[in-house]
Asks: 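Next up is a structure, given as structure tokens.
When reading the values below, keep in mind they use all heavy atoms of this one structure, side chains included, and skip hydrogens, waters and symmetry mates.
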Amino acid sequence: MNDTHPILARLYALKDADEAREVYDAWAADYDHDTVDDMGYVAPALAAEALAERISDGATVLDAGCGTGLVGAELSQRREVALDGMDLSPGMLERARAREVYRTLETADLTRELAVTDDAYDAVICVGTLTGGHVGPGVLAEFVRITAPGGAIVATVHSHVWEDGGYRAEIERLAGEGLVSAEVWERPYHVREQMSCRLCVLTPQ
């Protein structure tokens, strides 16, 4: 991993939700430029394309950890969906709201149980959140809980935490217990930082 951008080391070492909220609120205004233009952040487009192939127009979708709405913007170019967004940072949500592609936007801590009923969504997409210092693998079971059987969960997991962070083991557990079928590919993440991710597609059973 080549952490050449100065903010990356701090992001991957975040200690708790309060620190994460502070960092992302302060970064919100420059986030899109720093990630897309400077780092070559391609994961939102790749994940949105993967989800668009698996849902129909009119689907209800949760963008979990939506940030400034990069994923929502990419998905809205491919499908007409009822899109809700959740993020820890009010500053990031303000940027997402300006895109006018979300039905609802609200603050949420993805390290805790989500205030969402079982089987509420046709699909969940989560990009840039399952990485070092952020949200752990336990959230995947929450995504399964809130996604209707036969729906789609598309998530990126940063490659440097795929094994050691327990994400691979959690997906294997969910699949082994018959809760999901799973497909996983290695894909680019920040191309200018030479970083990759696992693009995970889970189908709740």
Asks: Any side chain to side chain donor-acceptor pair (under 3.5 Å) pairs touching residues 48-59, not counting sequence neighbours?
Replies: E49-R78

Asks: Any ion pair linking R97 and E94 (charged N to carboxylate O, less than 4.0 Å)?
Replies: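 Not counted as a salt bridge, because no side-chain N and carboxylate O are separated by less than 4.0 Å.
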
Asks: Is there a side chain to side chain contact (heavy atoms under 4.5 Å, CB included) between V161 and Y167 once you walk through the steps?
Replies: CA-CA 7 Å; V161 297; Y167 297 92; 3.5 Å; yes

Asks: Closer than 3.5 angstrom, by distance alone: can the side chain of T203 be matched with the main-chain N or O of G150 as a donor-acceptor pair?
Replies: no

Asks: Short question: side chain of T147, backbone of V144 - any donor-acceptor pair under 3.5 Å?
Replies: no

Asks: Could you report the tightest heavy-atom contact between C197 and P188, atom names first, then the distance?
Replies: SG-O, 3.8 Å

Asks: Under 3.5 Å, is there a donor-acceptor pair between the Y121 and D84 side chains?
Replies: yes

Asks: Taking CZ in R103 as the centre, count heavy atoms belonging to other residues, nucleotides or ligands within less than 6.0 Å. Is the count above 12?
Replies: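 Check passes, neighbour count above 12.
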
Asks: Got a sec: does the CD of E100 have more than 12 other heavy atoms crowding it under 6.0 Å?
Replies: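 Result for CD/E100: open.
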
Asks: Give the ring-plane orientation class for H158 versus H160, where under 30° counts as parallel, over 60° as perpendicular and anything between as tilted.
Replies: perpendicular

Asks: Could you walk me through whether T129 and L110 pass side chain to side chain contact (heavy atoms under 4.5 Å, CB included), step by step?
Replies: CA-CA 9 Å; T129 300; L110 298 181; 3.8 Å; yes

Asks: Hey, is the main chain of D37 close enough, under 3.5 Å, to the side chain of R192 for a donor-acceptor pair?
Replies: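 Judged by distance alone, yes, a pair lies under 3.5 Å.
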
Asks: Any side-chain to backbone donor/acceptor pair from T60 onto D122? Under 3.5 Å, distance only.
Replies: yes

Asks: Can you tell me if T35 uses its side chain to pair, donor with acceptor, with the backbone of Y41 under 3.5 Å?
Replies: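 Checked: no pair found.
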
Asks: Could you verify whether a donor N or O on one side chain and an acceptor N or O on the other, from R198 and S159, lie under 3.5 Å apart?
Replies: yes

Asks: Can you confirm whether C200 sits close enough to V154 that some side-chain heavy atom of one is under 4.5 Å from a side-chain heavy atom of the other?
Replies: no

Asks: Counting only N and O atoms by type, is there a donor-acceptor contact under 3.5 Å from the side chain of S89 to the main-chain atoms of M92?
Replies: yes

Asks: Has the side chain of D87 got a donor or acceptor atom that lies under 3.5 Å from a matching backbone atom of L93?
Replies: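 Absent.
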
Asks: Has the side chain of D118 got a donor or acceptor atom that lies under 3.5 Å from a matching backbone atom of I146?
Replies: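 Such a contact is absent between D118 side chain and I146 backbone.
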
